[in-house]
2 protein chains.
Amino acid sequence: MIKKQNATIYDVANKVGVSLATVSRVVNGNTNVRASTKEKVLAAIDELGYQPNAVARGLASKKTTTIGVVMPDVTNLYYSELTRGIDDVANMYHYDVLVTNTDDDPVREVMAINNLATKQVDGIIFMGNELDQRVLKAIESVGVPVVLAGSVDPAGQLPSVNIDYVAAMHQITSQLLDNGHEHVAVVLGDFEHAINQEYRFAGYKRALEEHGHEVNRDYLFTKAHNYQTALDVAPDVMKSGATGIVVYDDEVAIGILNYLQDHGAKIPADFEIVTSNDTNYSIVSRPQLSSIGQPKYDIGAVAMRMLTKLMDNIALTELAVTLPHTFIERQTTRKRQD
Amino acid sequence: MIKKQNATIYDVANKVGVSLATVSRVVNGNTNVRASTKEKVLAAIDELGYQPNAVARGLASKKTTTIGVVMPDVTNLYYSELTRGIDDVANMYHYDVLVTNTDDDPVREVMAINNLATKQVDGIIFMGNELDQRVLKAIESVGVPVVLAGSVDPAGQLPSVNIDYVAAMHQITSQLLDNGHEHVAVVLGDFEHAINQEYRFAGYKRALEEHGHEVNRDYLFTKAHNYQTALDVAPDVMKSGATGIVVYDDEVAIGILNYLQDHGAKIPADFEIVTSNDTNYSIVSRPQLSSIGQPKYDIGAVAMRMLTKLMDNIALTELAVTLPHTFIERQTTRKRQD
DNA sequence: GTGAAAGCGCTAACAG
DNA sequence: CTGTTAGCGCTTTCAC
C-alpha cells in the first residue's frame with residue numbers, strides 16, 4: 001500500500017494550462033466552459049487520476065454530502081431494515097451515511113448528534129424508542145435538518161415517517177377480540193415510552209373498550225425487549241389466563257411463541273399471537289407469526305427522501321408522514337372468514 | 001431549527017485575547033499552555049459553545065478520524081454483528097463509521113472503496129464473500145489501510161480476521177460422520193468463491209476422506225444464499241439420501257430445517273443438521289440449531305483494533321488473525337458422548 | 001468563457 | 001509558553 005500523493009485540482013489546471021476555476025467548473029458540471037477546453041480538462045483528469053478531495057470541498061462549500069444515522073442497534077432486524085432503505089436512497093442522492101449505535105441510551109444519542117454536528121453532516125435521520133427531552137434539545141439546536149424514522153414525536157413538531165401505531169394495534173386487538181377471546185394480553189416495551197403507552201397501548205385499549213371489555217393491567221406486560229427477556233416474561237403471560245396475545249416486537253413474539261409451545265401449548269388453538277414488525281423472525285418461526293405488515297424499507301427510504309428535500313431547502317408537504325400498514329395472516333392466528 | 005452561526009476558533013481566540021494557535025493547543029490537549037490561560041480559553045469555549053469543525057481539522061491535519069465499512073448488507077445478521085463489534089471499538093478510539101452496502105457486487109464494492117478514498121477516510125474495513133480482482137486492485141491503490149473482517153484473502157496479503165473455516169467445517173463434518181451417517185450433505189454459497197470452495201469445502205472433503213468416504217458432488221448444494229432460496233434447495237437435499245447436513249449460513253440452515261420438518265422429517269432423528277454462524281436464527285429455531293460458534297462481535301472488534309494500529313503506523317504482529325471457534329451443541333444433532 | 005483572489009476553519013512548523 | 005505564518009484543496013464571487 002503505497003501512499004500515493006493524490007493529484008490536486010491544481011495539478012490538472014497546470015497540466016491543461018487553465019485556472020483552478022475552470023477545472024472546478026468542469027468537475028462540478030458548470031456549463032460555462034467551452035466544449036474544447038472541457039475535453040482537455042477531462043482528459044487531464046483521467047490521465048492524472050484526479051479525484052476531488054471531498055474534505056476540502058466540504059470546507060469550501062459547507063456541504064459534506066454526508067448524513068448521520070442515529071439508531072439503537074444495527075443487529076436489530078427492524079432497525080437494520082429501515083437503515084437499508086435509508087442507505088439506498090442516500091446513495092441515490094450521492095450522500096454517504098455515518099452510522100452510530102446508541103442502544104437507546106439518551107446520553108449516547110445526544111453525544112451522537114453533537115458529534116455528527118462536529119463532522120458537519122448535512123442532515124440526520126434519528127431512530128429510537130423514545131424522544132428524550134435531552135435528545136429533543138440536541139435535535140433542535142444541531143443546526144441541520146433531522147427526520148425521525150420509525151420513531152415518534154408526540155408533540156408532532158419534527159418531520160417523521162411512521163405507520164399508524166394506534167390503528168395497527170387497534171386492528172389486531174380487535175381481530176383477536178372478534179375471535180371470542182375473553183382476555184387478550186398485550187406485550188410492550190418500556191411503558192414510560194410514548195410509543196408504547198400513548199400509541200400502542202392506546203390502540204389496544206380502544207379496541208377493548210369498543211368490545212365492552214375492561215382494561216386490566218394484569219394482561220399488560222412491559223418487561224420484554226428481546227428474545228431472552230421474552231422467555232423470562234413468557235411464563236407470566238402463559239399463566240395470566242389470556243388466550244390472545246398482541247406483541248410489539250418480533251424477537252419478543254418468537255420468544256413467547258417458543259416458550260408456549262415448549263410448554264405444551266398448541267398455537268393457534270390454545271393461543272393466538274400477533275406480532276408487529278414482520279421481520280424475518282416472523283417467517284422463520286414455526287408456526288409462522290401473523291403480523292402487522294410494516295413497510296420498513298420504505299419508512300427508511302421515505303425518511304431519507306424527506307431529508308434530501310429539507311437539505312435542499314424545499315418545503316415538506318407533510319411533516320409527519322404515515323405510511324400504510326397491513327395485516328399479514330400467517331399461522332399463529334386462526335383463519336378469518338371475512 | 002435556527003441555523004446558528006457556529007463560533008470558530010478565531011472567535012474564542014479573540015474573546016480571550018490569545019492567538020489561534022493557543023486555542024488550538026488547548027483544544028488538542030497540548031501541554032505547552034500555561035494553566036491560567038488554559039482556564040480562560042476553556043471558559044470562553046464553554047461560553048461560546050465552540051465546537052471544532054472536523055472538516056476543517058481534517059483538511060489541515062490530513063486525518064478525518066473517520067473509517068469506512070464496506071459490507072454486503074446491514075440486514076444480514078452475520079455481518080451486522082461484525083459491524084457492531086467494529087462500531088464499538090471505533091467509537092472507543094474516537095472514529096466515526098461510514099457504512100456502505102454492496103450486496104456482494106464487486107462493481108459496487110469498488111465504487112464504495114473509491115468513494116471512501118474521496119472522503120479521505122483514515123482506513124477501511126472490508127467484508128464480503130469474495131475478494132474479486134477488481135476489488136483487490138482498488139484496495140491496493142486506495143492509499144489507506146484496509147483490513148478484512150470475516151472475509152478471506154486466499155493470497156494472504158491483506159490484514160484479516162477470521163476463524164479457521166477449514167478446521168471448523170472439518171470438525172462438524174467429522175462429528176456427523178462419527179455418528180454413522182453414510183451420506184453427509186454440504187450446503188454452501190457460490191462455489192466460485194474461494195471461501196466456499198477452498199476453505200469450507202476443503203474442510204468437508206478432508207473429513208470425508210479421513211473417514212474413508214468418497215466425495216460425491218451429489219451431496220454438494222451451492223444455490224442457497226438466504227431463507228427463500230434455501231426453501232428452493234431443500235427438496236433436493238431431502239431427496240439426496242443424505243441424513244447429515246452441514247450448512248454454511250444460518251438463514252439457509254433454518255430454511256432447510258423448516259422445510260424438512262414441514263415435510264414430516266424428525267430432527268435430529270431423521271436428519272442431523274449443523275450450521276455455521278451461531279446467529280439469533282440458530283437460537284429461535286425449533287429445534288435450536290447446533291452450530292459452529294463464531295466470535296462474530298470479536299471478529300469485528302479485533303479487525304477494527306488492527307485498523308487503528310495500521311492507521312497509527314504501528315506494525316501488526318500478525319497479518320492474518322485467526323480467532324478460535326467452538327462447537328455449540330443444541331438440538332439438531334444427537335447428544336454426543338465425549 | 002475564463003482567471004484572480006479571497007476565503008472555508010483549522011493544524012503545524014517555526015520563531016521568539 | 002505563545003504568536004506568526006503558511007498552507008490543506010477546493011468553491012465562489014467578481015472582474016474581464
Side-chain angles (χ1 to χ4, degrees), chain A residues 3-42 44-45 48-66 94 117-122 143-144, chain B residues 3-42 44-45 48-66 94 117-122 143-144:
Chain A
K3 181 66 187 175
K4 62 159 192 294
Q5 190 51 53
N6 291 326
T8 71
I9 196 171
Y10 189 75
D11 296 328
V12 359
N14 266 356
K15 187 176 182 76
V16 183
V18 295
S19 71
L20 309 190
T22 299
V23 178
S24 178
R25 283 189 188 97
V26 347
V27 168
N28 293 299
N30 188 316
T31 51
N32 286 124
V33 182
R34 194 191 300 148
S36 66
T37 90
K38 182 176 172 180
E39 298 277 291
K40 284 188 285 187
V41 170
L42 255 15
I45 284 175
L48 266 42
Y50 167 70
Q51 302 258 91
N53 178 324
V55 172
R57 192 182 269 202
L59 183 59
S61 68
K62 298 185 165 309
K63 284 183 161 306
T64 54
T65 60
T66 300
H94 303 294
T118 269
K119 292 267 172 151
Q120 313 300 123
V121 295
D122 297 333
V144 296
Chain B
K3 182 64 188 176
K4 62 157 191 295
Q5 190 50 54
N6 291 326
T8 72
I9 196 172
Y10 188 75
D11 296 328
V12 358
N14 265 357
K15 187 176 180 79
V16 183
V18 294
S19 71
L20 308 190
T22 300
V23 178
S24 178
R25 284 190 189 98
V26 348
V27 168
N28 292 299
N30 187 315
T31 50
N32 286 122
V33 182
R34 191 193 302 150
S36 65
T37 91
K38 181 175 173 183
E39 299 276 292
K40 283 188 287 187
V41 170
L42 254 17
I45 285 175
L48 266 41
Y50 167 70
Q51 303 257 91
N53 178 325
V55 173
R57 192 182 269 198
L59 183 59
S61 68
K62 298 183 166 309
K63 284 184 161 304
T64 54
T65 59
T66 300
H94 303 296
T118 267
K119 291 267 172 152
Q120 313 298 126
V121 296
D122 297 334
V144 296

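Letters A, B, ... are given to chains in the order of the sequence lines, protein chains preceding strands, and every chain is numbered from 1. Any value given below was found using the heavy atoms of this structure, including those in side chains, with hydrogens, waters and symmetry copies removed. The model shown is predicted, which means the values in this text are computed figures rather than measured ones.
For the pair B:R57 and C:dT11, the criterion of a side-chain N or O lying under 4.0 Å from OP1 or OP2 is met. For A:R25 and C:dT2, the shortest distance from a side-chain N or O to OP1 or OP2 is not below 4.0 Å. The side chain of A:N32 places an N or O atom within less than 4.0 Å of a non-bridging phosphate oxygen (OP1 or OP2) of C:dG1. Here B:S61 does not reach the OP1 or OP2 of C:dT11: none of its side-chain N or O atoms lies under 4.0 Å away. Residue A:K62 places at least one side-chain N or O closer than 4.0 Å to OP1 or OP2 of C:dG9. Regarding contacts with the backbone of C:dG9, every side-chain N or O of B:T8 stays at 4.0 angstrom or more from both OP1 and OP2. Taking side-chain N and O atoms only, B:Y50 has a distance below 4.0 Å to OP1 or OP2 of C:dC10. Contact annotation: A:N53 side-chain N/O to D:dC8 OP1/OP2 distance is not under 4.0 Å. The phosphate of D:dC8 has neither OP1 nor OP2 within less than 4.0 Å of any side-chain N or O from B:K63. A close approach under 4.0 Å does not occur between any side-chain nitrogen or oxygen of B:T22 and OP1 or OP2 of D:dC1.
Here B:I45 contributes atom CD1 and B:L42 contributes atom CG; the two are 5.5 Å apart, rounded to the nearest 0.5 Å. The distance from atom CG of B:L20 to atom CG of B:N14, rounded to the nearest 0.5 Å, is 8.5 Å.
Residue-level contact check: A:V55 touches neither bases nor backbone, having no heavy atom under 4.0 Å from any strand. Among the heavy atoms of the strands, none lies under 4.0 Å from B:V27.
Rounded to whole Å, the distance from CG on A:L59 to P on C:dA6 is 18 Å. As a whole-Å value, the separation of B:E39 CD from D:dC1 P is 14 Å. Atom CG in B:D11 sits about 13 Å away from atom C1' in C:dC8, given to the nearest Å. The separation between A:N6 atom CG and D:dC10 atom C1' is 14 Å, rounded to whole Å. Between the P atom of D:dT12 and the CG atom of A:N28 lies a distance of 7 Å, rounded to the nearest Å. In this structure, B:L20 places its CG atom 13 Å from C1' of C:dC8, rounding to the nearest Å. What separates NZ of A:K119 from C1' of C:dC10 is a distance of 14 Å, to the nearest Å. The nearest whole Å value for the distance from the CD atom in B:Q51 to the C1' atom in C:dC10 is 15 Å.
With C:dG3, C:dG1, D:dG9 as the choices, the nucleotide that has an atom nearest any side-chain atom of A:A60 turns out to be D:dG9. Across D:dC10, C:dT11, D:dG3, the shortest atom-to-atom separation from the side chain of A:A56 is found for D:dC10.
Using modelled atom types, one finds no donor on one side chain facing an acceptor on the other under 3.5 Å when comparing B:T64 with A:K119.
Residues B:Q51 and A:T118 meet the side-chain proximity criterion, which asks for heavy atoms closer than 4.5 Å.
Minimum interatomic distance between B:V26 and B:K38 (heavy atoms only, all atoms of both residues): CB-CG, 4.3 Å. Residues B:L59 and A:V55 come closest through the heavy atom pair N-CG1, 3.5 Å.
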